[in-house]
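Reviewing the structure listed below.
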There are 2 protein chains.
Amino acid sequence: MGNSFRIGEVAERSGVSIDTLRYYERRNLLPAAPRTPGGYRIFNSETIDRVLFIKQAQDLGFSLDEIGSLLSTNGSSECRRVRDLLDAKLTELDTRLKSMHEFHDKLTRYLAECEEELKRHPDSAECPVVVEIAHAERT
Amino acid sequence: MGNSFRIGEVAERSGVSIDTLRYYERRNLLPAAPRTPGGYRIFNSETIDRVLFIKQAQDLGFSLDEIGSLLSTNGSSECRRVRDLLDAKLTELDTRLKSMHEFHDKLTRYLAECEEELKRHPDSAECPVVVEIAHAERT
DNA sequence: TTACACCCTAGACCTAACTCCAGGGTCAAG
DNA sequence: CTTGACCCTGGAGTTAGGTCTAGGGTGTAA
Ligand SMILES: [Zn+2]
Ligand SMILES: [Zn+2]
Ligand SMILES: [Zn+2]
Ligand SMILES: [Zn+2]
């Protein structure tokens with residue numbers, strides 16, 4: 001069918017390894033997949049999307065445990081729990097965005113210093129940025 | 001002097017453990033500190049700034065190796081190397097900022113759905129967000 | 001000069017998130 | 001059928017970034 005995949009195909013389409021998929025299943029980040037009579041896992045296309053969601057969240061600094069608590073489906077007052085989780089994550093994300101902007105600006109200033117120095121003394125080996133960050137003390 | 005610290009003070013002021021400081025020194029993220037006759041490390045306040053820089057970069061997803069290559073001081077045409085590194089990091093940071101914004105928006109939409117559902121059916125146990133992620137649609 | 005908080009090294013240990021391996025079974029093509 | 005690519009499990013190994021321990025030395029204030 002167009003919506004039935006073996007683990008290798010899911011791996012290829014979602015960009016993770018077969019081992020990682022089995023690992024995610026063990027960690028309950030993916031529901032236990034149904035099997036063929038012979039024991040092969042049968043996935044559908046939604047698994048692929050879910051893996052992509054996991055990867056995205058992970059790239060942004062969330063742990064598998066955190067992602068798991070967002071994705072887990074047990075407990076009674078689901079909406080309340082999910083809302084609180086989302087609220088916390090959003091606050092976290094805001095903070096991270098802010099300091100990422102600041103760091104971006106800092107690196108931009110460093111880059112400008114480097115360009116300046118290269119223009120001024122193209123053959124100098126002394127990078128003012130390195131002096132500033134790394135050497136910290138003036139020589 | 002006001003610019004001489006033992007390792008414990010540096011740890012406290014920079015928010016990392018003593019072990020982490022010694023570990024950073026081993027990894028050459030910090031220069032080998034001078035010692036007292038008895039062998040105690042003597043740090044100055046710039047070490048603290050440097051540790052804070054490392055921590056900030058690390059929080060933003062840079063590995064200690066990457067940070068190290070930015071901070072390392074050997075090689076001849078320093079400025080060129082540092083500029084190229086900074087350039088690459090900035091591009092990376094731009095990409096990360098962009099997808100972080102997108103993820104932020106996605107979570108915001110999820111949160112709105114939750115609030116909506118809680119308003120509409122306060123006692124329902126069925127969270128539409130969980131349903132949606134579990135059967136994810138591509139974003 | 002003794003008390004006591006603080007520091008030293010080498011090396012073992014820890015957690016997260018994979019990744020690999022041995023030894024074996026499955027399945028579609030020919 | 002047979003073959004060869006693909007899949008299974010359980011468990012060991014790996015990497016990054018620390019964290020902890022044992023066994024000892026240091027520094028200073030009373
Ligand atoms: Zn909800
Ligand atoms: Zn110059
Ligand atoms: Zn430079
Ligand atoms: Zn409803």
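Lettering of chains follows the sequences in order, A, B, ..., and the numbering in each one begins at 1. These numbers were taken from a predicted model, which means no experiment stands behind them.
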(message) Please confirm whether the shortest side-chain N or O distance from A/Tyr24 to OP1 or OP2 of C/dC18 is below 4.0 Å.
(response) yes
(request) Report the nucleotide, chosen from C/dT9, C/dA17, C/dT19, that has the shortest atom-to-atom distance to any side-chain atom of A/Leu64. (result) C/dA17
(request) Figure out the CG/P separation between A/Asp59 and C/dA16, and round it to whole Å. (result) 19 Å
(request) Between B/Arg35 and A/Gly38, name the one whose nearest nucleotide on DNA chain C is closer to the 5' end. (result) B/Arg35
(message) Rounded to whole Å, how long is the line connecting atom CG of A/Asp19 with atom P of D/dT9?
(response) 11 Å
(request) Between B/Asp65 and A/Ile7, just flag the one whose closest nucleotide in DNA chain D comes earlier from the 5' side. (result) A/Ile7
(message) Rounded to whole Å, how long is the line connecting atom OH of A/Tyr23 with atom C1' of D/dG11?
(response) 15 Å
(request) Report yes if a side-chain nitrogen or oxygen of B/Ser17 is closer than 4.0 Å to either non-bridging phosphate oxygen (OP1 or OP2) of D/dT19; otherwise report no. (result) yes
(request) Take atom CD1 of A/Ile67 and atom P of C/dC18, then tell me their distance rounded to the nearest Å. (result) 9 Å
(request) State which of C/dT19, C/dC7, D/dC7 makes the closest approach to the side chain of A/Ile18. (result) D/dC7
(message) Less than 4.0 angstrom from a charged side-chain N to a carboxylate O is my criterion; do A/Arg22 and A/Asp19 meet it?
(response) yes
(message) Does B/Arg22 reach a base, just sugar-phosphate, or nothing at all? Heavy atoms under 4.0 Å.
(response) base
(message) How many whole angstroms separate atom CZ of A/Phe62 from atom P of C/dA16?
(response) 18 Å
(request) Whole angstrom is fine here: how far is it from CD in B/Glu66 over to C1' in D/dG17? (result) 14 Å
(request) Return the nearest nucleotide to the side chain of A/Arg6; candidates are D/dC6, D/dC8, C/dT19. (result) D/dC6
(message) Rounded to whole Å, how long is the line connecting atom CZ of A/Arg41 with atom P of C/dT26?
(response) 15 Å
(message) Check this for me: does any side-chain nitrogen of one of B/Glu102 and B/Lys98 sit under 4.0 Å from a carboxylate oxygen of the other?
(response) yes
(request) Give a yes or no answer on whether the side chain of B/Glu9 reaches the backbone of B/Arg6 with a donor-acceptor pair at less than 3.5 Å. (result) yes
(request) Return the nearest nucleotide to the side chain of B/Thr20; candidates are C/dC18, D/dC8, D/dG18. (result) D/dG18
(message) Side-chain N or O of B/Lys55 versus OP1/OP2 of D/dG18: is the shortest distance under 4.0 Å?
(response) yes
(request) Verify the contact: side-chain N or O of B/Gln58 to OP1 or OP2 of D/dG18, cut-off strictly under 4.0 Å; return yes or no. (result) yes
(request) Report yes if at least one side-chain N or O of B/Thr36 is closer than 4.0 Å to OP1 or OP2 of D/dG27; otherwise report no. (result) yes
(message) If you define the side chain from C-beta out and look only at heavy atoms, does anything of B/Leu93 sit under 4.5 Å from A/Met100?
(response) yes
(request) Evaluate the side-chain proximity of B/Phe62 to B/Ile54: yes if any heavy-atom separation is below 4.5 Å, no if none is. (result) no
(message) So, under a plain 3.5 Å distance rule, would you say the side chain of A/Tyr40 forms a donor-acceptor pair with the base of D/dC8?
(response) no
(request) Verify, without hydrogens or angle tests, whether B/Thr108 (side chain) and B/His104 (backbone) share a donor-acceptor contact under 3.5 angstrom. (result) yes
(message) Tell me the interatomic distance from B/Arg26, atom CZ, to C/dG11, atom P, rounded to whole angstroms.
(response) 11 Å
